[in-house]
Amino acid sequence: MTIQSADTAWERMLLEREIERFLYDEAALLDERRFSEWGDLLAEDIHYHMPIRRNVKFGEQHRENTDTESEISWFDEGKRTLMGRVRQLNTGVHWPEEPFSRVRHIVTNVRVMSVDGDEVEVSSNFFVWSNRLRDECVMFIGTRSDILRRDSETGWKIAKRLILLDQNVLLAKVFSTFF
Amino acid sequence: MVTYIKGRGDRNLRELVDLENGVISREVYVNEDIYAQELEQIYGRAWLLVGHESQVENPGDFVLGRMGEEEVILTRDRKGKIHVFLNTCRHRGMKVCRYDDGNALVFTCPFHAWTYDTDGRLVGVPHHRDAYFEELDKSQWGLAEVAQMCNYYGSIWATWDPKAPSFEDYLGPFQRTVRWAFQASDGTDAGVELYKPAQRWRLPSNWKFGAFSFAGDSAHAAMTHLSVNAAAIGPQGEVEGGGRHPLAAPFPSKRGYMSSRELGHVGQLAIYEQPGVADYRDTWLLEPGVDDYWRETREIKQQRFANEYLHMQSDGQFHIWPNATMSDWRILMWHPHGVGMTESWRQYQVDKNAPKHVKDAKRRYVMRYCGPAGITESDDMENWNYAHPASLGMVAQRFPYNFQLGLHHNHQDERIPGVTIGDRGPSEENQRARLRRWVEFMEAGSWDDIFPVRKNGKSNGRSKGGNGINPTW
Ligand code: FES
Ligand SMILES: [Fe+2]
């Protein structure tokens, strides 16, 4: 672990607390369906990537997650597309979210992994629960690796998010929320 | 002849599928006995799309595929020959391969270590000498291989039925359409590869909701996909209203619903009023340099086909009976996974020789369009999902589905013999064509009853000679 600008244990704790609070607030925006405000947290150059997870032979772990260079993922995109998804959700006629699902993002195991100037690498786990219509239930569990960037005027921005969903064949019919 | 469905009283399948009146019982989609019969009568017999040669480029390469409910291994043996095997050990049934893809010298079963070569031969059995007394005949216990396999311009198809007709005959008038789907954008045969891996996910709905809707239900688009344009996912971005499809130059053609009533293959395709290929229209406005590549390959294609009418093979999408939907950029598989569940697969073709920036641009487009995260497809999933449970009720099943859109409003065109064309779109003729073939497969005692075609409810025998193509096509 390389913590450069959080020199003391005390500074490091404060930073970790600040990051945790940011991630919890972010999750609340999604759960409360405040998608446009959520979009404001995304850096203009964000890379949002959820690879497909492969079953691979021991020793081939480097192939476990599909890469962004040449392979197919579940999500592999930037802000333009993400904001398109936000606009779609806000139409009121995006059927997998009309009527909307009851979604809860549980964010845990938050760890600041490194600090590099204004950028912080953060690891966290998530449990996303979605319940919809009468009895449709979906669970998404996984881990995220984020680069968060401090913007002196507008606060933290998500510059990079790698999402590892712990599934192979996806057991949900759609992804209609963000992670 | 399996005329009756088992359970809930014996009823003739034809009572459930009334094509004359366009009225179809919901039981066809939700009845478990019918589903079990489908696995045997349809998935045990039909030619099924397993994958593409680009997934197994080198000797020893393998990738898991699916035929119906069952998992298969698509592999290339040491001599370079492609095989399709059932993924189960002949000893006690363990899956011999539990990796999605990779490269193997042999498949060694993790249970008792029976070992199979990549050509399927059983090559190793522990205790063969000391406890089997060398009496086990290894040559009889290789991996179960499909009865027939066909590499059709790079796409790999297989059937479990040795009596199935050749794949070319199976396709009939859709041969050219499948060939086109695996051509590069410059018109070279077998010029594509698939991006890896497949997107695979579960949709709680009978497999026919997806499989029989595609290339047959343009009526759904206006309502189902009302929200898509808000996202402007097309390569052109916001230009011209943010449509989801690339921009295309006009070319004199008649687009329509086209089906082979005899074979069950269907498409939303075109007949062209002049030979040749449409000009390229710039559409990748957000990604510099991408249009340049496709403009160049289009020009080559235009030269190559300057004097040919590319009916049913230049535009649109189509569906090969029973569960493969495709076009020249994507492949949608609808695998049955229980009566109320579909395992849906998406794979995408791209020119083998395209430069990286072109492959990347197209890859990002297909990911935002298709699959469970697809801005377009996610809306379809919801509708297919909930049509299923709402059809399950005892009372609900008294009310049949309506398939009357465009009923009896069809014509033929001598330019594409053997193909029925809806007089006007939208039409549900392509869905009716699949249901017609469905009844025939469900009733048939063997391939003799269903090939080449049934006339007046009777088999007219199999055509064996020459290229095997029935002249009525
Ligand atoms: S089940 Fe495979 S070796 Fe016994
Ligand atoms: Fe659709």
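The sequence lines fix the lettering, A, B, ..., with proteins before strands; numbering per chain opens at 1.
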Margin query: As a test of understanding, state which of A:E98, A:Q88, A:E97 forms a side-chain contact (heavy atoms from CB on, under 4.5 Å) with B:S227.
Written below: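 When A:E98, A:Q88, A:E97 are each tested with B:S227, the side-chain contact (heavy atoms from CB on, under 4.5 Å) holds only for A:Q88.
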Pick one of side chain, backbone, both or neither for [X], based on which atoms fall under 4.5 Å of a heavy atom in chain A.
{"X": "B:K196", "value": "both"}
{"X": "B:V228", "value": "both"}
{"X": "B:L286", "value": "side chain"}
{"X": "B:R368", "value": "both"}
{"X": "B:Q347", "value": "neither"}

Do [X] and [Y] have side chains that approach each other closer than 4.5 Å (heavy atoms only, starting at C-beta)?
{"X": "A:L171", "Y": "B:W201", "result": "no"}
{"X": "A:D76", "Y": "B:R363", "result": "yes"}
{"X": "B:R202", "Y": "A:L170", "result": "no"}
{"X": "B:D379", "Y": "A:H94", "result": "yes"}

So does [X] pair up with [Y], basic N to acidic O under 4.0 Å?
{"X": "A:E69", "Y": "B:R364", "value": "no"}
{"X": "B:E382", "Y": "A:R132", "value": "yes"}
{"X": "B:D101", "Y": "A:R54", "value": "yes"}

Item checked: Matching residue for A:K173 among B:T342, B:N385, B:D380 - test: side chain to side chain donor-acceptor pair (under 3.5 Å) ->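 It is B:N385; the other options fail the test.
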Closest non-hydrogen atom pair between [X] and [Y], with its separation:
{"X": "A:P96", "Y": "B:S378", "answer": "CG-O, 3.6 Å"}
{"X": "B:A231", "Y": "A:G84", "answer": "CB-O, 3.3 Å"}
{"X": "A:R80", "Y": "B:G234", "answer": "NH2-O, 4.1 Å"}

Separation between [atom1] of [X] and [atom2] of [Y], rounded to the nearest 0.5 Å:
{"X": "B:T224", "Y": "A:W95", "atom1": "OG1", "atom2": "CH2", "answer": "8.0 Å"}
{"X": "B:R98", "Y": "A:N55", "atom1": "CZ", "atom2": "CG", "answer": "9.0 Å"}
{"X": "A:W74", "Y": "B:Q199", "atom1": "CH2", "atom2": "CD", "answer": "5.5 Å"}

Using non-hydrogen atoms and a 4.5 Å limit, figure out which bit of [X] sits close to chain B: side chain, backbone, both or neither.
{"X": "A:V93", "value": "both"}
{"X": "A:S73", "value": "both"}
{"X": "A:R53", "value": "backbone"}

Note to self: Using a 4.5 angstrom heavy-atom cutoff, name the option from B:W345, B:Y195, B:Y386 with the most pairs to chain A.
What the structure shows: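 The candidate making the most pairs under 4.5 Å is B:Y386.
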Checklist line | For chain A, the option from B:A198, B:G102, B:P372 that forms the most heavy-atom pairs under 4.5 Å | finding: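 Answer, by heavy-atom pair count under 4.5 Å with chain A: B:P372.
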Margin query: Could you walk me through whether B:E238 and A:R87 satisfy the salt bridge (charged side-chain N to carboxylate O under 4.0 Å, His left out) test, starting with their C-alpha distance in whole Å, then the side-chain angles of each, then the deciding distance to 0.1 Å, before giving a yes or no?
Written below: CA-CA 13 Å; B:E238 317 276 340; A:R87 290 195 301 276; 3.7 Å; yes
Looking only at heavy atoms and a cut-off of under 4.5 Å, which of [options] has the most pairs with chain B?
{"options": "A:L89, A:T91, A:I72, A:L133", "result": "A:I72"}
{"options": "A:T81, A:T66, A:T68, A:N168", "result": "A:N168"}
{"options": "A:M83, A:R63, A:R85", "result": "A:R85"}

Note to self: For a quick check under 3.5 Å, do B:Y99 and A:E60 share a side-chain donor-acceptor pair by atom type?
What the structure shows: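 Their side chains do not contain a donor-acceptor pair, so the 3.5 Å distance test is not met.
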Item checked: More than 12 heavy atoms from other groups under 6.0 Å of CZ on A:R111 ->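 Not more than 12 within 6.0 Å, no.
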